[in-house]
2 protein chains.
Amino acid sequence: MKAQSLHGHLDALLLAVLEQGALHGYAIIEALRARSDGSLDLPTGTIYPALRRLERAGHVISSWSTVNGRERRTYELTDSGRRALAGERDGWHRFSATVGRFLGSDTPPSAPA
Amino acid sequence: MKAQSLHGHLDALLLAVLEQGALHGYAIIEALRARSDGSLDLPTGTIYPALRRLERAGHVISSWSTVNGRERRTYELTDSGRRALAGERDGWHRFSATVGRFLGSDTPPSAPA
DNA sequence: CTTCATGCGTAGATAGACTACGTGTCGGTT
DNA sequence: AACCGACACGTAGTCTATCTACGCATGAAG
């Protein structure tokens, strides 16, 4: 999948993966890849700047730790981030409903949690 | 809605509106606005270049006509365009399913045609 | 005659993700 | 011991697609 199409929806995805628990950058990339069956294989040059944007915006906070001699920066959602996520979720639903109206809204209902 | 988020999906939308019949540029804009309840209000500077892209790609063909002393350029889907639309549709479904898996895939099923 | 809706079009700005680098550790292979 | 791949972070510059802001022209309405 062309991640090109992610334009404007990446922040929402990042907030969403962090909703289920704090992760460090590399793990976020793997989480996105895993939960999308490999469709979303985003390069570090996309993820790290995005995370810093989110941190500057106050939606996440980061903290360093050392694991196996490797420096990790772990990101965690803030309250502001949780609110932002709710907004992004809403925006996504409106967006996908609108586009779906043109391209066929029959998105096969993937099994919910 | 920020049309910003359309990035990469605009061509699909254009092909989709043309699927139901040939239209000229201005009418395409109105069709998008109408069928989206005003959510998609795209400026001419977005539409016209996009249509020319599609024409260069062979997905649409245009023809001039004069109506009420006004020059109109009417666009029509080609076979290639129809095939492209099928692909875009497929791509959209995969995309929205993937993103939906993270943001909640519960897109309310809007009534089909 | 001025203004608004219709209708086409281009040039330059802007935004957001991408490519291509660069740094360093750890573990396994040769 | 040298090397290479996985882990883990990060930045600079490019690229693509949409947007903003124009410009031109006709017809109808005030």
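Quick note on labels: first sequence line is chain A, next is B, and so on, each numbered from 1. Since the model is a prediction, treat every value here as computed from it, not as a measurement.
Neither OP1 nor OP2 of dC7(D) sits under 4.0 Å from any side-chain N or O of Arg72(A). The shortest distance between the side-chain N/O atoms of Arg53(A) and the OP1/OP2 oxygens of dA17(C) is below 4.0 Å. Here Tyr48(A) reaches the OP1 or OP2 of dC9(D): one of its side-chain N or O atoms lies under 4.0 Å away. In this model, the phosphate group of dA17(C) is not approached by any side-chain N or O of His7(B) to a distance below 4.0 Å at OP1 or OP2. At least one side-chain nitrogen or oxygen of Tyr26(A) sits closer than 4.0 Å to the OP1 or OP2 atom of dC7(D).
Remark: C1' of dA17(D) and CG of Leu10(B) are 9 Å apart, rounded to the nearest angstrom. Atom CD of Glu30(B) is separated from atom P of dG7(C) by 7 Å (rounded to the nearest Å). Nucleotide dA11(C) holds its P atom 11 Å from the CZ atom of Arg52(B), rounded to whole Å. Leu42(A) places its CG atom 17 Å from the C1' atom of dG10(D), with the value rounded to the nearest Å. Going from atom CH2 of Trp64(B) over to atom P of dC8(C) covers 7 Å, rounded to whole Å. Computed from coordinates, the Asp11(A) CG to dA17(C) C1' distance equals 11 Å when rounded to whole Å. Atom-to-atom, CZ of Arg73(B) to P of dA25(D) comes out at 18 Å; the value is rounded to the nearest Å. The CG atom of Leu32(A) sits 12 Å away from the P atom of dA17(C) (whole-angstrom rounding).
Residues Ser65(A) and Arg72(A) have side chains that never bring a donor and an acceptor to within less than 3.5 angstrom of each other.
Nearest approach of Phe95(B) to Leu6(A), heavy atoms of both residues: CE1-CD2, 4.0 Å.
Panel note: side chain Thr66(A), backbone Arg70(A); no donor-acceptor pair is recorded below 3.5 Å.
If you check every strand for non-hydrogen atoms under 4.0 Å, Arg70(B) touches a base. As judged by a 4.0 angstrom heavy-atom cut-off over every strand, Gly45(A) is placed among the base-contacting residues.
In this structure Ser80(A) satisfies the side chain to side chain donor-acceptor pair (under 3.5 Å) test together with His59(A), sequence neighbours excluded.
In this structure, Trp64(B) CH2 and His24(B) NE2 are separated by 11.0 Å, a value rounded to the nearest 0.5 Å.
For Pro43(A), counting side-chain heavy atoms from C-beta on, the closest listed nucleotide (dG10(D), dT11(D), dT19(C)) is dT19(C).
For Ala50(B) and Thr44(B), each mapped to the nucleotide of DNA chain D holding its nearest heavy atom, the one lying further toward the 5' end belongs to Ala50(B).
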